[in-house]
Amino acid sequence: MKKDATFTTCAYCGVGCGVRMQPQVQGFSASGDDAHPASLGRLCVKGSALGETLDLQGRLLQPEIHGQPVSWEKALDAVASGLQQVIREHGPQAVAFYGSGQLLTEDYYVANKLMKGFIGAGNMDTNSRLCMASAVVGYKRAFGADAVPCSYQDLERADCVILTGSNTAWAHPVVYQRLAQAKKERPAMRIIVIDPRQTATCDIADLHLALRPGSDAALFCGALNAMADSGKLDAAFLQQHTRGAEQTLQAAQTWTPARTADACALPPAKLMAFYQMIADSDRLVTLYSMGINQSSSGVDKCNAIINLHLATGKIGREGCGPFSITGQPNAMGGREVGGLANQLASHMGFSAQEVDRVGRFWASDNVTKTAGLNAVDLFRAVETGQIKAVWIMGTNPLVSLPDADRVRAGLARCPLVIVSDIMRDTDTTRAAHICLPAQGWGEKNGTVTNSERCISRQRAFLPAPGEAKPDWWILCQVAQRLGYDDASFAYQHPAEIFREHAALSGFENQGSRAFDISGMAQLSNEQWDGLRPVQWPVNAANPQGTARLFTDNRFFHPDGHARLIPVTPRPPVNPPTAACPLIMNTGRVRDQWHTMTRTGKSARLMQHISEPFCQFHPDDAPQIQPGDLVRVASSHGWLLLRAQPDRLQPRGSVFVPMHWNSQFSQQARVDALIEAHTDPLSGQPESKHMPVSLRRWNAAWQAELFMRGDSDRHPAPPDTAYWSRIAQQGVTHYTLADSSLPQDWTAWLSEHFGTGQWVCQAAHLGDDGFHLLAWSGGELQLAFYAHRRRPAPERQAVVAAFSQPPVTASQRLALLAGTAGNGKAPTGAMICSCFAIGEIAIADAVRQGCHSVQQLGAQLKCGTNCGSCIPELKKIIAGQLTSLTAGDDQ
Ligand SMILES: Nc1nc2c(c(=O)[nH]1)N[C@H]1C(S)=C(S)[C@@H](COP(=O)(O)OP(=O)(O)OC[C@H]3O[C@@H](n4cnc5c(=O)[nH]c(N)nc54)[C@H](O)[C@@H]3O)O[C@H]1N2
Ligand SMILES: Nc1nc2c(c(=O)[nH]1)N[C@H]1C(S)=C(S)[C@@H](COP(=O)(O)OP(=O)(O)OC[C@H]3O[C@@H](n4cnc5c(=O)[nH]c(N)nc54)[C@H](O)[C@@H]3O)O[C@H]1N2
Ligand code: SF4
Ligand SMILES: [Mo]
């Protein structure tokens, strides 16, 4: 094993932080890379926990066909012959690839080249369809190219930053930290958060606009109109560098303050304050994310934002620009290679000239002449049988696509489903005929591009486990077996792929395409290996890269002018109904990543929020108490979740996280509830707006069960109406509930968890309570606590008893009762994951006089490492202080 630290890029979000992985006596520790321009030494809690997700538990380590391990030879032959047969019998349009912004650029390039260049169909799409597709179309309409103009530095240098549809504090924590720091140094800077919810991001906001869900286009049309009215337009810029201003301003004219306030359900004074802040700022950045993109009118919302920047000349200058922040570590890389079905390659589309150019470059006369199907349509085509073979790589669509149960049913009918993943048991691998083990983060080598166009290296520091292979290798092996000219897929090293990708970006470009990294087409393998982070374009004109685009006010439409696009705001497709009166909003939590296949492994990350939940305003469901189970239902399905009434949640709306999958919960895949309404221009689904109903679900019993070992060695979870689980320190913790009480608990536990083999100690309590401890050789194997209402054993103490069994009889009895068997105090929810500081200790410290984040940090260390928990610390301080003063009043 290497002794030196490896410098690499974080596996998670599109901030793209530099990470230093240092070998320890056991495993690795992650710290920030001071020299990385995106993060300057910072990491958030997920990045800091990277060392904890490297174990091989649950990994897919060998190819499998129908669940049986096979050799690579056999698996690759099966993939190739399966694809070949479909192509022969039904043509190339009957096969599809579905990729991911978590593939490396080199993997992505090869997948796209194989499908669009050699198989000759357009059906290669990606999960970025669910994420960035609207932003891409918005940029292309405005600039003639999918080009993000800004750098993170622009956020720091702006006079005013608008964050809309972005919970930056949780989803892009290091960008948030940079912004928070800039605001601290320059308090005059204004920060505006636009989000129906009051999120952790609002912590640094001067103004929070809790607008009506889905009404951002009206808000930005209103802003454009207000700037026109107050003489804040940049007439010279509009005249010299843009087209479409007149029609656009005319279209916005009807968005008077009164009409806008009404459409957005905002107090007029707040709206006027918003306009004033924009008018007062010379430098403006608008950062936008899923609250904008994931909409049936997402493209228009993006253009409404860009229109404001073009009209006021707030672009192409330091501290300015419309900034769509990317989500995944390589979402941007996917856009570069052409991973979306409506792109061909390297920022080229499907004009005859482009198809011809790419064909000559790839030496293939089979390049597809037409775009393929976007994600939602692609899986519909699987359902109808039009697509007969699909290869899914690096994404978990049976959790993340809208109408996920329908997608699952469709996939079950598909004759050939191939899945490349790093994990063995996911919702999607369960649907696969052939599973291919990919190398994961830390094992594979390649490049990723972050939100500010910065290309940096992901470097391997671990040996490849089992038989796992890089995704690019798997694709090349299949390509060769499909008989496509060996030379086209004969790469021996990812740097060869990178050089080809870089060369294609410069091929017959001459400044016509924004994406140009031809300056790196000659890198040697060693130079590629040592590549320092660099922002594209990197070419003869900009050999050191480019921090900011459009500084010369030239855009990529043939006439060099940008376009303002007239926007007519549209409401979301599905309004609330009598049966489903609330709007479900979905998104992320601080410590989980997507469908949890990786972050679900870290006990530390699972303790922040350990159960699938739903948040709603208490006045919308006064009968539901915190901790109840609730049934959330839409016209498409229902979920059982833990209730979290929260006054910060807007009336009329329910927030449900997107993360829980079928490995961690019984009934919490939120996309099963969502109808697949898509934006007509981008194909991106409306993931943030689905009418639902909410009602309390009455459990006959609820239980907490702790079992030694990882869940993949346990029997399958029981078929109770509700269960969720987390892993902590070698113990799996299940939370269970059902609507009918078992006749005999001991028999039930024996049947479902095999307790019959152990020595059991049980206690029957009143109110249908039942506790049981199962022992073997003096070691605790299982602890179970069931009650009619939710039991509250002291979790940390119970978990600790698995490694430090109680010694005395009274300690054992205490453990059976579910109290601290070994003197460890309960912690409450884990607020500071870095130093494992729970809510109880923090609240205690506030009550004892720590009334600021700094004081808490000095006393408990919480919030002093990555800082991701600071908004929550502030919330606890505020909550405690309110109850202290309330107490004083009494
Ligand atoms: N912790 C964590 N971080 C992540 C990820 C993760 O899984 N976990 N995933 C990464 C990925 S791929 C992505 S794409 C990004 C996403 O990053 P974000 O887009 O910041 O995350 P979301 O929570 O999906 O949604 C952002 C906000 O949009 C708000 N919203 C909903 N409807 C509207 C609306 O109509 N208007 C406005 N203005 N806002 C609205 C929601 O309330 C939510 O707070 O995060 C990345 N970072
Ligand atoms: N309701 C709702 N739905 C959403 C969203 C939302 O906000 N609300 N957000 C959407 C967005 S923005 C996104 S980006 C998607 C994300 O959704 P997904 O892409 O489905 O989520 P992940 O869990 O990241 O899936 C990645 C898969 O790739 C595997 N993997 C990890 N590394 C590798 C590798 O190197 N190679 C291979 N072959 N596999 C690997 C992981 O184990 C995992 O199974 O979800 C979308 N769905
Ligand atoms: S902000 Fe956090 S998750 Fe995102 S890249 Fe940086 S360390 Fe990784
Ligand atoms: Mo995303």
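Residue numbers run from 1 in the order of the sequence given. The analysis underlying the following values was restricted to heavy atoms, covering all of them including side chains, and did not include hydrogens, waters or symmetry mates. Remember, it's 1-based here, ligands and their atoms both numbered in the order they're listed.
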Quiz item: Is the number of heavy atoms from other residues, nucleotides or ligands under 6.0 Å of K875 NZ greater than 12?
Solution: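 Not buried by this count: 12 neighbours or fewer within 6.0 Å.
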
Can you figure out which of [options] has its heavy atom closest to [atom]?
{"atom": "atom 29 (C) of ligand 1", "options": "D195, L209, V15", "answer": "D195"}
{"atom": "atom 7 (O) of ligand 1", "options": "K688, H594, R590", "answer": "H594"}
{"atom": "atom 16 (C) of ligand 1", "options": "R588, M658, R212", "answer": "R588"}
{"atom": "atom 6 (C) of ligand 1", "options": "Q592, H172, M596, E686", "answer": "Q592"}

Quiz item: Can you name the residues that form a side chain to side chain donor-acceptor pair (under 3.5 Å) with H36, not counting sequence neighbours?
Solution: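 Checked H36 against side chain to side chain donor-acceptor pair (under 3.5 Å); matches are S456.
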
Self-check item: Sole candidate of T201, D203, I204 that passes side-chain contact (heavy atoms from CB on, under 4.5 Å) when paired with P871
Solution: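 Result: among T201, D203, I204, D203 is the only option passing the side-chain contact (heavy atoms from CB on, under 4.5 Å) with P871.
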
Quiz prompt | Reference residue L673; test side-chain contact (heavy atoms from CB on, under 4.5 Å); the match among T586, L639, D403 | solution =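 So, applying the side-chain contact (heavy atoms from CB on, under 4.5 Å) to L673 and each of T586, L639, D403, only L639 qualifies.
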
Which of the numbered atoms in ligand 1 are below 4.0 angstrom from a heavy atom of [X]?
{"X": "W170", "answer": "1 (N), 2 (C), 3 (N)"}
{"X": "S289", "answer": "16 (C), 17 (O), 18 (P), 19 (O), 20 (O)"}
{"X": "T164", "answer": "38 (N)"}
{"X": "Q328", "answer": "12 (S)"}
{"X": "G214", "answer": "34 (C), 35 (O)"}
{"X": "P213", "answer": "35 (O)"}
{"X": "T199", "answer": "44 (O)"}

Under 4.0 Å, counting heavy atoms only: does [X] come that close to any atom of ligand 1?
{"X": "H689", "value": "no"}
{"X": "V589", "value": "yes"}
{"X": "Q294", "value": "no"}

Check: [X] N/O within less than 3.5 Å of ligand 1 N/O:
{"X": "K301", "value": "no"}
{"X": "G165", "value": "yes"}
{"X": "F655", "value": "no"}
{"X": "T586", "value": "no"}
{"X": "L211", "value": "no"}
{"X": "K46", "value": "yes"}
{"X": "N167", "value": "yes"}
{"X": "A171", "value": "yes"}

Taking non-hydrogen atoms only, is [X] closer than 4.0 angstrom to ligand 1 via side chain, backbone, both or neither?
{"X": "N585", "result": "side chain"}
{"X": "Y12", "result": "neither"}
{"X": "C131", "result": "side chain"}
{"X": "M132", "result": "neither"}

Indicate whether the side chain of [X] and that of [Y] have a donor and an acceptor atom separated by less than 3.5 Å.
{"X": "S662", "Y": "D427", "value": "yes"}
{"X": "T326", "Y": "S451", "value": "yes"}
{"X": "H594", "Y": "S400", "value": "no"}
{"X": "T105", "Y": "N330", "value": "yes"}
{"X": "S134", "Y": "S682", "value": "yes"}
{"X": "E686", "Y": "N574", "value": "no"}

Quiz item: If you round to the nearest 0.5 Å, how far is OG of S296 from NZ of K688?
Solution: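 Reported to 0.5 Å precision, the distance equals 13.5 Å.
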
Quiz prompt | CG-CG distance between L271 and L207, expressed to the nearest 0.5 angstrom | solution =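 The distance works out to 9.5 Å.
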
Closest protein heavy atom (residue, atom, distance) for [atom]:
{"atom": "atom 11 (C) of ligand 1", "value": "G327 CA, 3.2 Å"}
{"atom": "atom 40 (C) of ligand 1", "value": "P196 CD, 3.3 Å"}
{"atom": "atom 38 (N) of ligand 1", "value": "D216 OD2, 2.8 Å"}

Practice problem: Start with the C-alpha distance between R457 and N445, add both sets of side-chain angles, then the distance that settles side-chain hydrogen bond (donor to acceptor under 3.5 Å, both in side chains), and finish with yes or no. | Solution: CA-CA 7 Å; R457 284 274 285 107; N445 270 303; 3.2 Å; yes

Quiz item: Is the charged tip of R197 near the ring of F655: under 6.0 Å from the six-membered ring centre and within 45° of its axis?
Solution: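 Positive - R197 is close enough to the ring of F655 and near enough to its axis.
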
Acceptor/donor pairs from residues 12-22 side chains to any protein atom, 3.5 angstrom cut, sequence neighbours excluded:
{"from": "R20", "atom 1": "NH1", "to": "Q22", "atom 2": "OE1", "distance (Å)": "3.3"}
{"from": "R20", "atom 1": "NH2", "to": "Q22", "atom 2": "OE1", "distance (Å)": "3.1"}

Practice problem: Kindly indicate, with the supporting measurements, whether the criterion side-chain hydrogen bond (donor to acceptor under 3.5 Å, both in side chains) is fulfilled by S289 and S166. | Solution: CA-CA 5 Å; S289 185; S166 160; 4.9 Å; no

Practice problem: Evaluate the side-chain hydrogen bond (donor to acceptor under 3.5 Å, both in side chains) criterion for residues T449 and E336: first the C-alpha distance (whole Å), next the side-chain angles of each, then the deciding distance (0.1 Å), finally the verdict. | Solution: CA-CA 9 Å; T449 311; E336 293 158 10; 3.0 Å; yes

Self-check item: Protein N, O or S within less than 2.8 Å of atom 8 (Fe) of ligand 3, waters excluded
Solution: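 For atom 8 (Fe) of ligand 3, the protein N, O and S atoms that sit under 2.8 Å away are C10 SG.
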
Quiz item: With a 4.5 Å limit on heavy-atom distance, are the side chains of W441 and T53 in contact?
Solution: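 Contact flag for W441/T53 side chains = no.
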
Quiz prompt | Results of ring-ring contact (aromatic ring centres under 6.0 Å, His included) for F220 - residues two or more places apart only | solution =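 Residues passing ring-ring contact (aromatic ring centres under 6.0 Å, His included) with F220: none at all.
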
Quiz item: Should T164 and D216 be marked as a side-chain hydrogen bond (donor to acceptor under 3.5 Å, both in side chains) after you check the CA-CA gap, both sets of side-chain angles, and the distance that decides it?
Solution: CA-CA 8 Å; T164 182; D216 298 77; 2.9 Å; yes

